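Working notes, structure below.
Letters go in sequence order (proteins before strands), and every chain restarts at 1. What you see is a predicted model; the values in this text were computed from it and never measured.
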Number of protein chains: 2
Amino acid sequence: MSKHTHSCEHCHHQSCARRVPIFSSLDDDELSWVSSLITTKKYSKGELIIMEGSNPESLIIVNKGKVKAFKDTQEGKEQILYIFTEGDFLGEKNLLSQQKATYNVETLEETHICLINKKDFQQLLREYPDISFKIMSELCNRLERLENTIENMGAKKIEARVSSVLLEFLDKYGKHHAKGTLVELPLSREGIASYIGVARETVSRKMSRLQDEGVIRVIGNKKVIILDKEALEREIQ
Amino acid sequence: MSKHTHSCEHCHHQSCARRVPIFSSLDDDELSWVSSLITTKKYSKGELIIMEGSNPESLIIVNKGKVKAFKDTQEGKEQILYIFTEGDFLGEKNLLSQQKATYNVETLEETHICLINKKDFQQLLREYPDISFKIMSELCNRLERLENTIENMGAKKIEARVSSVLLEFLDKYGKHHAKGTLVELPLSREGIASYIGVARETVSRKMSRLQDEGVIRVIGNKKVIILDKEALEREIQ
DNA sequence: CGGGCACTTGATAGTAATCAAGTCCGGTGG
DNA sequence: CCACCGGACTTGATTACTATCAAGTGCCCG
């Protein structure tokens, strides 16, 4: 057994490593070793974790909470690119290519992260090629999501973009509910707007319309019940 | 020396393998071996290489020519996602994740491609981890390009999108010229339009305006001289 | 030289951004 | 506990921009 298995100060990390898809091919001993490499950090809501142009020296894994990755444009707008949640990793660009961060990352709620040092991470990759495969696979998934986003933004009506986001949030954050699926929105109206590239008023209007049509039910600013998932899927086609 | 080094039927492939960034860490012997795994194929302009939903069983490397990767929407529009040129690989999604093709790929001119069988490719990855690193690095680059595209489409004016494309083409296809840089456009106006997500008439108008302002000079339908690169960069900011 | 196709240019209409009030809700302090 | 305050959201009116529709125009190729 690894000498790290019973190291109490790392016990709470192991669950982190165990939950992360990129380490899913490792056995208990290996996970213990990985856990020993991890340090943790906690952030409260609204803190900036990574700043565009900086040079993070570690792989970051989200252990609890949510963060948004976004770019600031000179026109004063904000374009949200990703929302990362439990199990997602980030900062890989700085470790795999030799690049500076190309976007900001900010917490959307209280968030705990795990950090793996650049050298340790690179050693892991060499020792366990399966981790590389997992990462490549995840990078392909991200590419696919971005490709779909581009298709939405370039070739589809705004109705379709709103429906897409709602379905995406439904998949990620939906919970069963009497008449449909209850979704806790990770973003404000303004956040949704800068995620799909429209004005915040437009999001309000489209969501109001969807409510009038009986497709969704809006509960305050942070919750939505999806009553008719198929209708949303029809909007996207 | 590898027994393949003097195998004439593979000589013309070796240059392909040698030119490809993902194999740049291999030595001559290893390259010869890779070359022996490669088969080639030629396409004329306008042929469909990959169809959305199909399941390509090989990694494809562009050896000569250009191809476009695009999605067809139900609204009848086409969204172009990538233009791949000499040295670029594609089809990785089907080999790294277990996914079907999520976009169509069509040649923009006469194109020669190299094919590496799925099993051979996976063996290569296991034997030479550096190839995995190169691929991860390239995937990160693609992510970054898509992230920038999304920023353009979501948060920037159309002027900026046109300027972005022109600068992108300038980087990839520009050649020195008396008064600026001559760029052979890989896409028609309609192609450019579906690359940046606007109507083809809008591309015409914006380019006319840029010509009136003395920033570019349009020569027929397929060439442009960039006279004032800085002006384009200012449009993007 | 003629035909066709891609492109340009102009006119119009539709849609979303912007500007501008309100409204709702949660939190705070009296 | 209630009243007030501020921030986020909704809704309405107007403006600006681009898509669409509709003629031309020019260029390439046979």
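- Ion pair B:Glu86/B:Lys66 not flagged as a salt bridge, since none of the NZ, NE, NH1 or NH2 atoms sits closer than 4.0 Å to an Asp/Glu carboxylate oxygen.
- Atom C1' of nucleotide C:dT9 and atom CZ of B:Arg189 are separated by 14 Å, given to the nearest angstrom.
- Nucleic acid contact for B:Ser204: base, since at least one base atom lies under 4.0 Å from a heavy atom of the residue.
- Side-chain N/O atoms of A:Lys77 and A:Ser194 include no donor and acceptor closer than 3.5 Å.
- Note that A:Arg142 lies in the cation-pi zone of A:Phe89, set by a 6.0 Å cut-off to the ring centre and a 45° limit from the axis.
- Looking only at atom types and distance, the side chain of A:Glu147 has a donor-acceptor partner in the side chain of B:Tyr82 under 3.5 Å away.
- Interface residues of residues 207-225 of chain B facing DNA chain D, ordered by number: none; criterion, heavy-atom separation under 4.0 Å.
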Check your understanding: How does protein reach along nucleotides 13-21 of chain C, written 5' to 3' as B (base within reach of a heavy atom under 4.0 Å), S (only sugar-phosphate), or - (no contact)?
Key -> ---SSBB--

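- When each of A:Val105, A:Leu90, A:Thr107 is tested with A:Val62 by the rule side-chain contact (heavy atoms from CB on, under 4.5 Å), just one qualifies, namely A:Leu90.
- Side chains of A:Glu168 and A:Tyr173: a donor-acceptor N/O pair is absent below 3.5 angstrom, by distance only.
- A:Leu187 has its CG atom 14 Å from the P atom of D:dA8, to the nearest Å.
- In this structure, the CG atom of B:Leu108 is 16 Å from the C1' atom of C:dA6, given to the nearest Å.
- A donor and an acceptor atom, one from each side chain of A:Glu78 and A:Asn104, are nowhere located under 3.5 Å apart.
- By the 6.0 Å and 45° rule, B:Lys68 stacks over the aromatic ring of B:Phe70.
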